[in-house]
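Just so it is clear: chains get the letters A, B, ... in the order the sequence lines come, proteins before strands, and each one is counted from 1.
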Number of protein chains: 2
Amino acid sequence: MSAVDIAFHGLRHMIASGRLGAGEKFPSETALLSELGVSRGSLREAVRMLSALGVIESRHGSGTYVSQLRPEEIMGSLALTVDLLPLSGLLDMYELRGVLESHTAAQAAARISPEQTAELFDLVEAMEAAADPEIAPELDAQFHALIDRISGNPTLTVLLGVFRARSRAYQLFALPEGAEIRRVSDHGHRTIFNAIVLHDPAAASAAAASHVAQTVEWLRFYQPAVRTP
Amino acid sequence: MSAVDIAFHGLRHMIASGRLGAGEKFPSETALLSELGVSRGSLREAVRMLSALGVIESRHGSGTYVSQLRPEEIMGSLALTVDLLPLSGLLDMYELRGVLESHTAAQAAARISPEQTAELFDLVEAMEAAADPEIAPELDAQFHALIDRISGNPTLTVLLGVFRARSRAYQLFALPEGAEIRRVSDHGHRTIFNAIVLHDPAAASAAAASHVAQTVEWLRFYQPAVRTP
DNA sequence: TTATCTCAACTCATCTGATGACTTTTTGGA
DNA sequence: TCCAAAAAGTCATCAGATGAGTTGAGATAA
């Protein structure tokens with residue numbers, strides 16, 4: 001077991017064993033060095049690992065703390081990695097996304113309030129009216145994010161946000177066929193919207209699944225290159 | 001932007017930009033130092049971060065490589081973190097698990113082969129017959145894992161495995177009420193099994209959802225302490 | 001020629017010491 | 001009592017040295 005592994009599991013165990021709870025502060029670097037029996041470099045690498053995973057946070061000048069350990073934060077750690085997956089191996093993940101989108105759409109249909117209905121309506125209208133090819137994808141994301149939020153599960157909201165950001169990088173709307181794709185996409189949004197507003201979970205679920213399936217079709221067919229800013 | 005951030009995003013960009021593909025080797029530490037303009041310590045911390053996220057791998061004496069970038073590997077990086085979440089904030093995640101279990105059960109019902117049927121049957125029988133309280137949870141895990149595998153999506157298999165490992169740490173069967181819990185649990189398994197064997201996706205989906213919901217009920221009611229080995 | 005062994009070069013792993021930068025607490029004065 | 005400056009504590013970063021594992025070229029023997 002390497003020095004970094006010792007430090008990593010040592011730190012992790014402090015949380016798993018209940019010695020430290022969410023938000024609590026670790027002993028100082030110096031104290032941890034002697035407790036874990038590794039050098040400062042190894043300890044710092046272990047801290048960075050747990051930090052990348054969203055489990056702990058280091059604050060310069062203050063100390064190192066256990067994070068709030070909220071599921072949505074943990075899922076958020078996927079954001080920087082999902083973008084790196086090649087399109088080829090991504091279809092499994094789209095199946096996952098389809099299942100989850102169906103679920104949030106159904107939940108939203110069951111729970112949406114009048115105020116939220118108005119908000120969602122505004123987004124659909126704005127999306128269909130958007131001429132700017134920069135704005136359309138942004139509204140698209142907002143539309144789906146709002147549905148996720150209405151469904152009431154922050155973890156799912158974050159996870160689907162991660163997936164969606166990945167899709168957006170492909171910029172389907174910017175393809176030569178972008179106009180037609182947008183037309184079909186907007187129609188899909190309208191279908192989802194109608195089902196949700198009518199409080200029809202089954203229809204919303206089916207519409208969302210179909211919407212994702214459509215996206216997968218486009219990606220498989222066009223295989224657009226990712227934008228690398 | 002801190003030195004580690006510079007190194008982290010620099011490395012990440014080498015993959016995102018396509019300069020390095022899955023399995024390819026990074027330049028040596030020394031070469032990266034001058035390219036990224038940070039010290040060895042900072043570079044190593046950044047490498048560890050990406051390594052913890054499952055994106056790259058360092059091999060002692062050989063070099064640092066991009067991982068295979070398979071979705072299931074990325075999801076696997078959650079294994080060490082989900083176990084740390086407190087029960088209180090875990091219900092959102094169980095909703096996620098319920099949705100996914102329903103899906104894999106339905107998929108399995110649609111796709112199961114005769115050989116797989118026999119295999120699954122053996123597991124159900126063994127589980128109901130298991131007297132040893134150590135073996136029962138293991139067979140339980142195998143039963144669900146097999147269903148996931150039959151459903152044909154490695155990413156989902158890994159993700160659900162992570163969630164299930166989390167549940168197992170609570171050792172419901174070891175409670176005073178364990179015998180009754182096992183009886184109900186085994187009945188749930190039998191229901192799921194029957195639906196899958198009958199190629200009835202809808203029934204399988206419902207049975208799986210109910211099985212997860214039952215688990216959540218138990219956890220909420222008993223709030224057992226985690227086992228910390 | 002082919003197979004195997006040896007060793008040098010290359011690579012990551014770890015430790016140590018020193019310095020900088022930021023935050024929090026304490027302290028002293030108004 | 002309030003506020004600002006000082007001090008203490010903490011993480012951030014760099015640089016150098018040494019250890020340990022891997023790899024491949026070249027020597028050697030079959």
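Of the candidates D:dT13, C:dC12, C:dT14, the closest approach to any side-chain atom of B:Val4 belongs to D:dT13. Comparing C:dC15, C:dA13, D:dA12 by their closest approach to the side chain of B:Ser58 singles out C:dA13. The side chain of B:Arg48 has C:dT14 as its nearest neighbour among C:dT14, C:dT11, D:dT13.
The separation between B:Leu33 atom CG and D:dC14 atom P is 10 Å, rounded to whole Å. Counting to the nearest Å, the C1' atom of D:dG9 and the CG atom of A:Leu32 are 14 Å from each other. Taking atom CZ of residue A:Arg40 and atom C1' of nucleotide C:dT19, one finds them 11 Å apart after rounding to whole Å. In this structure, B:His60 places its NE2 atom 16 Å from P of C:dC10, rounding to the nearest Å. In this structure, the CG atom of B:Leu43 is 13 Å from the P atom of D:dA15, given to the nearest Å. As rounded to whole Å, 14 Å separates atom C1' of D:dG19 from atom CD of B:Glu29. Separating the CE atom of B:Met1 from the P atom of D:dT13 is a distance of 11 Å, rounded to the nearest angstrom. Rounded to whole Å, the distance from CG on B:Asp5 to C1' on D:dC11 is 14 Å.
Within the 4.0 angstrom heavy-atom criterion, no nucleotide atom of any strand lies near B:Gly41. Residue contacts for B:Arg59: at a heavy-atom cut-off of 4.0 Å it reaches the sugar-phosphate backbone alone, with no base atom in range. At a threshold of 4.0 angstrom between heavy atoms, the contacts of A:Thr64 are confined to the sugar-phosphate backbone, with no base atom among them.
A side-chain donor-acceptor contact under 3.5 Å links A:Tyr94 and A:Ser167.
Between B:Ser62 and C:dC10, a side-chain N or O to OP1/OP2 separation shorter than 4.0 Å is absent.
Toward the 5' end of DNA chain C, the nearer of the two residues A:Ser39 and B:Gly63, judged by each one's closest nucleotide, is B:Gly63. Both A:Arg44 and A:Gly61 lie near DNA chain D, and the one whose nearest nucleotide falls closer to the 5' end is A:Gly61.
Side-chain contact between B:Val216 and B:Arg97 is absent, with no heavy atoms from C-beta onward closer than 4.5 Å.
A:Arg12 has a carboxylate O that lies under 4.0 Å from a charged side-chain N of B:Asp83, or vice versa, which qualifies the two as a salt bridge. A salt bridge does not link A:Glu24 to A:Arg19: none of the charged nitrogens lies less than 4.0 Å from a carboxylate oxygen.
Distance check: A:His144 NE2 to A:Leu123 CG gives 10.5 Å after rounding to the nearest 0.5 Å.
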